[in-house]
Protein chains: 2
Amino acid sequence: MATIKDIAKAAGVSVTTVSRALNGYGDVNEKTRKHIEETAKKLNYSPNAVARSLVMNKSRTIGLLVSELNRSGAKDMFTYEVMCGINDAASDVGYDLILFSTNTVKQKQKSYTQLCRERQVEGVIMQGIKKDDPYIKEVIDSNIPCVFVDVELEGDNVGFVTTDNVFGAQMAVKHLINLGHRHIAMVNGHDKAEVSQKRLKGYMKELQEAELPVKEDYVLNGGFLESKAESAAYNFLKTNRQVTAVFCASDLMALGVMRAARRLELNIPEDLSIVGFDDIVLSQYTSPPLTTIGQDKYQMGYEAAKLLTSMLTGKKSPHKKAVLDNQLLLRETTAPPK
Amino acid sequence: MATIKDIAKAAGVSVTTVSRALNGYGDVNEKTRKHIEETAKKLNYSPNAVARSLVMNKSRTIGLLVSELNRSGAKDMFTYEVMCGINDAASDVGYDLILFSTNTVKQKQKSYTQLCRERQVEGVIMQGIKKDDPYIKEVIDSNIPCVFVDVELEGDNVGFVTTDNVFGAQMAVKHLINLGHRHIAMVNGHDKAEVSQKRLKGYMKELQEAELPVKEDYVLNGGFLESKAESAAYNFLKTNRQVTAVFCASDLMALGVMRAARRLELNIPEDLSIVGFDDIVLSQYTSPPLTTIGQDKYQMGYEAAKLLTSMLTGKKSPHKKAVLDNQLLLRETTAPPK
DNA sequence: TTGTACGCGTTATCAT
DNA sequence: ATGATAACGCGTACAA
């Protein structure tokens, strides 16, 4: 509970000198500095970040805005791994993280700017928000630096981190085509997610390059939900036996498709090949293990935080975005068609 | 950026009146209050929580101290689910969460008390720390309210949340005994974790109640690591073919044991029954799906936050602890011995 | 019912 | 090299 005032009194100097001594200013006698540092230690002093924030108008804090942080996300762990990366990169440069979990109800009560200003966060990392989220407009208008995860938005103080979703999808589809598949369906997430749009684009692009027809009804909506993907795939596959392969925009949905296949007594990969996206931990443990496009989620978080802190420290870095590479992970859910 | 000063000027009143009006004090004319509220809205005012914290010496913030928040935890998701519960309960009552991830290096640089005081957190929830963690002593000594997850410590302003680990272990072992197993080994985590001690206790207790011998060399150290559990189990099972069942102190380690069994060409559950602990998401997807003791991780977090906030709001609640029940989840890794 | 004045712990400005 | 003093935005005795 000791303050610089206490130290000043104990050391017989003014608060100004204490402040300067403790903050490593040059214009303070080495002897007095030593003395001050010692009394500070003796009094078990630690600076009050709140008071400092108030006067400096900086908080050394970045807000982590996660939409719908809840149990449903527990399965794919995406959020968590990204968060670990953010945390590591942020604490490397002395920033703390404050967690803002939001949802539609809360958004009505408090605007984005309010949220940030209340806590005086210096910057924000946004994760898991949809493209039509009302906060997005506010972010652009506000002058608070922000980095999006998986939403490709750029601006004066807005950047983003994502992976090459188009190319990732292309890799997946190309792999299937190379195996000999000609009727390849896709289970996509909801179209409010940028990644859905990208992955769909990659899917179509690769089909076109292989001069395969792009059929609109081959694209199913799985809403990023295992259950929804399952039922969509079930209904589709029941009446489309010509389809021998499915590309899924997420591993979670791929799990749903695997379930559907099982119900239809389709063997994987003999009767149906499946490729997922994300490389969630689960995908190594399914039977058979899921072939998928791997994203480095930790790295995404790490890059996001690095990007943001470099924006904060005023480095006029020209790069306001980072696009990470993905990787085709061959496991056991793909094979040539019979 | 509007402050109460701006509002005062615009509304033609003093800052005091603004402060009182906005904070719902009774001693302010209804008309002036309305007026003030309107100008506040017009100026897009939002209170500065930092300034408020400074003067009130309260931050409406609770610190979430997670030891070794990193990728290795990604697999079992325990941390994340608990966090979701904490987050929900905290935001219900208007508290924000600040993330302190710590490790042994950082602990040397900054004491627990320093950490808390710097950020003026009102209380702390501690997760994932070992019993010999140096911070624990500080927590007890300090007067900052703290709730531990899975460390059974009580004090004036210290409480904890856990599940009934002893009974959970008993359920697991009893289940195996009821199936007819007589040689039941255990793979335990490291003994710096309270849960390890409890689960071991339950294991031994249940054996004793069934009048089965407790053999010391039947208890393996898996260190809560899949790989370590695998090698320990491999070496053990290779030379102890009489053992027909293994109880593991975590699902993660159970996965390791399953791997070991596979390498030894032991069929699960025919040749070897396995019971885990935790009910991580993965355990439903292994083949065969893992029989385990399920803990409600989200609820643990929720209760922890509720406990803490009730301590903070001064409710002299007599209950400084919460012990949740566990549940035996019968899946497919257990069967009678051949 | 309203306003004045002070303090929270810190940094920054300007003298000395 | 050091110190007095004013700010930062807010809450709250105390006075009016």
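In the text below, chain A, chain B and the rest are named by the order of the sequence lines, each starting its count at 1. As a basis for the values below, the full set of heavy atoms in this structure was taken, side chains included, without hydrogen atoms, waters or symmetry mates.
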Does the side chain of [X] come under 3.5 Å of the side chain of [Y] through a donor N or O and an acceptor N or O?
X	Y	result
A/Thr16	A/Ser19	no
A/Tyr298	A/Asp88	yes
A/Thr163	A/Gln295	yes
A/Asp96	A/Thr61	no

Tell me the interatomic distance from [X], atom [atom1], to [N], atom [atom2], rounded to whole angstroms.
X	N	atom1	atom2	answer
B/Asn29	C/dG3	CG	P	11 Å
B/Arg117	C/dT10	CZ	P	10 Å
B/Met56	C/dG9	CE	P	15 Å
A/Asn48	D/dC8	CG	P	18 Å
A/Tyr45	C/dG9	OH	P	10 Å
A/Lys5	C/dG7	NZ	P	8 Å
B/Arg119	C/dG9	CZ	C1'	15 Å
A/Glu118	D/dG9	CD	C1'	13 Å

Of A/Thr16 and B/Ser19, the one whose closest nucleotide on DNA chain D sits nearer the 5' end is A/Thr16
For the helix from C/dT1-D/dA16 to C/dT16-D/dA1, figure out the bend between the end axes, five pairs an end, and round to 10 degrees.
40°
Side chain of [X], heavy atoms from C-beta onward: which of [options] has the nearest atom to it?
X	options	value
B/Leu54	C/dA5, C/dT10, D/dG9	D/dG9
B/Arg20	D/dC14, C/dT10, C/dA5	D/dC14
A/Thr3	D/dT5, D/dC14, C/dG9	C/dG9

Salt bridge A/Glu38-A/Lys41, side-chain N to carboxylate O under 4.0 Å:
no
Salt bridge between A/Glu118 and B/Arg52, side-chain N to carboxylate O under 4.0 Å?
no
Have a look at A/Thr32 and say if it touches a base, only the backbone sugar-phosphate, or nothing, with a 4.0 Å heavy-atom cut-off.
sugar-phosphate
Using a heavy-atom cut-off of 4.0 Å across all strands, would you classify B/Val13 as base, sugar-phosphate, or nothing?
sugar-phosphate
Steps toward side chain to side chain contact (heavy atoms under 4.5 Å, CB included) verdict (B/Leu65, B/Tyr112)
CA-CA 10 Å; B/Leu65 195 45; B/Tyr112 168 76; 4.0 Å; yes
Please tell me if [X] has a side-chain N or O lying less than 4.0 Å from either OP1 or OP2 of [N].
X	N	value
B/Asn23	D/dG11	yes
B/Arg52	D/dG11	yes
B/Ser14	C/dT2	no
B/Tyr25	C/dT2	no

Is it the case that A/Arg60 places NZ or CZ above or below the six-membered ring of A/Tyr95, under 6.0 angstrom from the centre and within 45 degrees of the axis?
yes
Along DNA chain C (nearest heavy atom to each residue), the more 5'-positioned of B/Arg33 and B/Val55
B/Arg33
